[in-house]
Amino acid sequence: MKLLITGGAGFIGSNFVLYMLQQHPEYEIVNVDALTYAGNLENLKAIEQNPKHTFVKADICDAAKMDELIGQGVDIVVNFAAESHVDRSILEPDVFVKTNVLGTQVLLDAAKKHNVTKFVQVSTDEVYGTLGETGLFTEETPLTPNSPYSASKAGGDLLVRAYHETFGLPVNITRCSNNYGPYQFPEKLIPLIISKALNDQPLPVYGDGLNIRDWLYVEDHCSAIDLVIHEGVNGEVYNIGGNNERTNLHIIRTILEQLGKPESLITYVQDRPGHDRRYGIDPAKITNELGWKPKHNFETGIRETIAWYLDNKEWWTRIQSGEYEQYYAQQYGERLGESQ
Ligand code: NAD
Ligand code: TYD
C-alpha cells in the first residue's frame with residue numbers, strides 16, 4: 001500500500017506519518033510538504049532513516065508535480081496540507097484560498113487521473129460555524145463558516161464532495177475539533193500558553209476567555225483517520241471529537257496550575273474579529289458506524305502534552321528563534337543541490 005500524505009511536516013500530519021509507520025510498518029509513505037513557516041522537518045527526525053518514508057518538498061498547487069507523484073503508484077491520498085491559523089487568515093486570506101481551495105482541487109485532479117482507491121480530506125469542525133449554548137455539530141449541520149480560514153476549508157470540502165458526485169472519486173471528508181499534543185506550532189492556544197507561561201510572559205486571552213473549544217488529543221485524531229482510510233464508506237463525512245468541551249480560561253488555568261505559575265500572567269486582550277463562541281462535535285456516526293473510540297480524556301491528554309513541551313524545550317525554542325528553518329538546508333540542501 002502506498003500513501004501520499006500532504007502537510008506531513010506540520011503538527012497533525014507529522015503525528016500521522018509517525019503513527020502510520022508504527023501501525024502499518026509495511027506501508028510506503030510519500031510525504032509532500034511545502035515547508036511553509038508551519039512545516040518543520042525536525043518533527044520527523046525519528047524516521048529520517050526509515051526507507052518506507054520519503055519526504056518531498058513541494059507545493060500542492062503544483063499540478064505537474066502532484067501528477068508525477070500520484071502517478072507513481074499511489075493508492076491513497078490523505079490531504080492535511082493547509083494554512084491552518086485563523087488569526088493569520090484574517091491578516092492574509094489569499095494564501096488560504098490558494099492552498100486550501102486550489103491546492104485541494106489540484107490534488108483531486110491528480111487522484112482522479114490516476115484512479116486512487118481513497119482520497120481523504122482532513123477538514124475541521126470550524127466549517128459549521130459557531131454554536132450557541134446548546135446543541136452539537138453533526139454531519140448534517142449546514143456549512144456556515146465565519147473566518148477566511150474556515151471558509152477556505154469549506155471550499156475545499158465542497159470540491160471533494162463534487163469530485164465524488166460528478167466523477168465517482170472514492171472520497172471521505174473528516175471534520176475534527178481542536179487538536180492538541182506534541183509538535184503543535186506555538187502560535188496555537190495550548191503550546192502558546194505553555195511556552196509563554198514557562199517564560200513568565202503575559203498570556204493573551206481574547207475577549208472574555210469564555211469561548212469554548214472541544215479538545216482532542218492528536219493521536220486519537222490519527223487513529224480516527226486510519227480507520228476512515230480503511231473502513232470509511234465512500235462519499236461520507238465523519239465528524240471526529242472526544243466530548244471534551246472547555247472554555248479557554250479553563251485550559252489556561254489548568255496549564256498554570258500544572259506548571260506552578262501564577263494567574264496574574266493572564267492578560268485580557270482585544271477579541272478576535274468574527275470569533276466563534278463555541279464548537280462541540282457529535283461523534284456518534286464514527287463511533288457507531290466505524291467503532292472509533294478516543295484513548296485520552298482531556299485530563300490525561302493535557303498532562304502528557306505539558307510533559308512533552310517540558311521535555312522538548314529545544315524544539316519550541318528553535319521555532320521561536322527561527323533556527324528550525326535552517327534544518328531543511330542542512331539536511332537536504334546539499335543532497336538536492338539547493339543553496340537555501
Ligand atoms: P499546520 O499548520 O501545523 O501544518 C500544515 C502543514 O501544511 C505544514 O507543514 C505546511 O508546511 C504544509 N503546507 C501549507 N501549505 C502547503 C502547500 N501549499 N503545499 C504543501 N504543503 C503545505 O496544521 P495542522 O494543525 O497540522 O492541521 C493539519 C490539517 O488538519 C489542516 O488541514 C487543518 O485544517 C486540519 N485541522 C486542524 C485542526 C487543529 O486543531 N490543528 C483541527 C481540525 C482540522
Ligand atoms: P486557536 O488555537 O487559534 O484555534 P481555533 O481558533 O482554530 O479554535 O485558538 C483556540 C481558542 O483560543 C480560540 O477561542 C481563540 C483563543 N486564543 C486566545 O484567547 N489567545 C491566543 O493567543 C490564541 C492564539 C487563541
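In listed order, ligands and their atoms are each counted from 1.
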Please report the interatomic distance [atom1]([X]) to [atom2]([Y]), rounded to the nearest 0.5 Å.
X    : Y    : atom1 : atom2 : result
H24  : I29  : NE2   : CD1   : 9.0 Å
L131 : R278 : CG    : CZ    : 5.0 Å
I252 : T267 : CD1   : OG1   : 9.5 Å

Which of the ligand 1 atoms, numbered from 1, are nearer than 4.0 Å to a heavy atom of [X]:
X    : answer
S123 : 43 (C), 44 (C)
S177 : 42 (C), 43 (C)
A58  : 19 (N), 20 (C)
V122 : 30 (O), 32 (O)

Would one find an N or O of [X], backbone or side chain, under 3.5 Å from an N or O of ligand 1?
X    : answer
A34  : yes
Y149 : yes
V32  : no
N40  : no
S84  : yes
T36  : yes
N179 : yes
C176 : no

Test log, rule salt bridge (Lys or Arg N to Asp or Glu O under 4.0 Å), inputs E236 and R175 = CA-CA 11 Å; E236 292 296 311; R175 298 198 177 122; over 6 Å; no

Once you restrict to heavy atoms under 4.0 Å, what part of [X] touches ligand 1? Side chain, backbone, both or neither.
X    : result
L35  : backbone
C61  : neither
K153 : side chain

Yes or no: does [X] have any heavy atom under 4.0 Å from an atom of ligand 1?
X   : result
S14 : no
D33 : yes
G8  : no
F80 : yes
A9  : yes

Parallel, tilted or perpendicular: which one describes the rings of [X] and [Y], with boundaries at 30° and 60°?
X    : Y    : value
F96  : Y149 : perpendicular
Y217 : Y180 : perpendicular
Y37  : F185 : perpendicular

Starting from [atom], what is the nearest protein heavy atom, named by residue and atom, and what distance separates them?
atom                    : result
atom 21 (C) of ligand 2 : Y206 CZ, 3.4 Å
atom 8 (O) of ligand 2  : R213 NE, 2.7 Å
atom 19 (N) of ligand 1 : I60 N, 3.0 Å
atom 7 (O) of ligand 2  : E126 OE2, 2.6 Å
atom 10 (C) of ligand 2 : L189 CB, 3.9 Å
atom 12 (O) of ligand 2 : N248 ND2, 3.3 Å
atom 3 (O) of ligand 2  : R272 NH2, 3.0 Å
atom 22 (O) of ligand 2 : L192 CD2, 3.2 Å
atom 4 (O) of ligand 2  : N178 ND2, 3.4 Å

Atoms in ligand 2 with a heavy atom of [X] nearer than 4.0 Å:
X    : value
V205 : 19 (O)
H85  : 3 (O)
H275 : 13 (C), 14 (O), 15 (C)
V86  : 6 (O), 7 (O)
K188 : 2 (O)
P204 : 18 (C), 19 (O), 20 (N), 21 (C), 22 (O)

Ring centroid separation W315 to Y324 under 6.0 Å = no

Could [X] and [Y] be called an ion pair, given the rule that one side-chain N must be under 4.0 Å from one carboxylate O?
X    : Y    : value
R253 : E263 : yes
D75  : K118 : no
E42  : R318 : yes
E187 : R88  : yes
D67  : K113 : yes
E68  : K65  : yes
R277 : D208 : yes

inquiry  = For atom 24 (C) of ligand 2, tell me which residue out of R88, K196, E187 has the closest non-hydrogen atom.
reply    =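 Result: the heavy atom closest to atom 24 (C) of ligand 2 is in E187.
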
ask   = In chain order, what residues pass the side-chain hydrogen bond (donor to acceptor under 3.5 Å, both in side chains) check against W292, with sequence neighbours excluded?
value =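 Listed in chain order: S223.
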
message = When you measure from the side chain of T300 to the backbone of H296, do you find a donor-acceptor pair of N or O atoms at a distance under 3.5 Å?
response = no

query = Do S123 and D157 have a side chain donor and acceptor closer than 3.5 Å?
reply =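 Yes, a side-chain donor-acceptor pair sits under 3.5 Å.
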
message = I'd like to know if F80 and V101 are part of one continuous hydrophobic network [Ile/Leu/Val/Met/Phe/Trp/Tyr, side-chain heavy atoms within less than 4.5 Å].
response =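 Looking at the clustering, F80 is in a separate group from V101.
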
ask   = Is there a chain of hydrophobic side chains (I, L, V, M, F, W, Y, each step under 4.5 Å between heavy atoms) that links L21 to V218?
value = yes

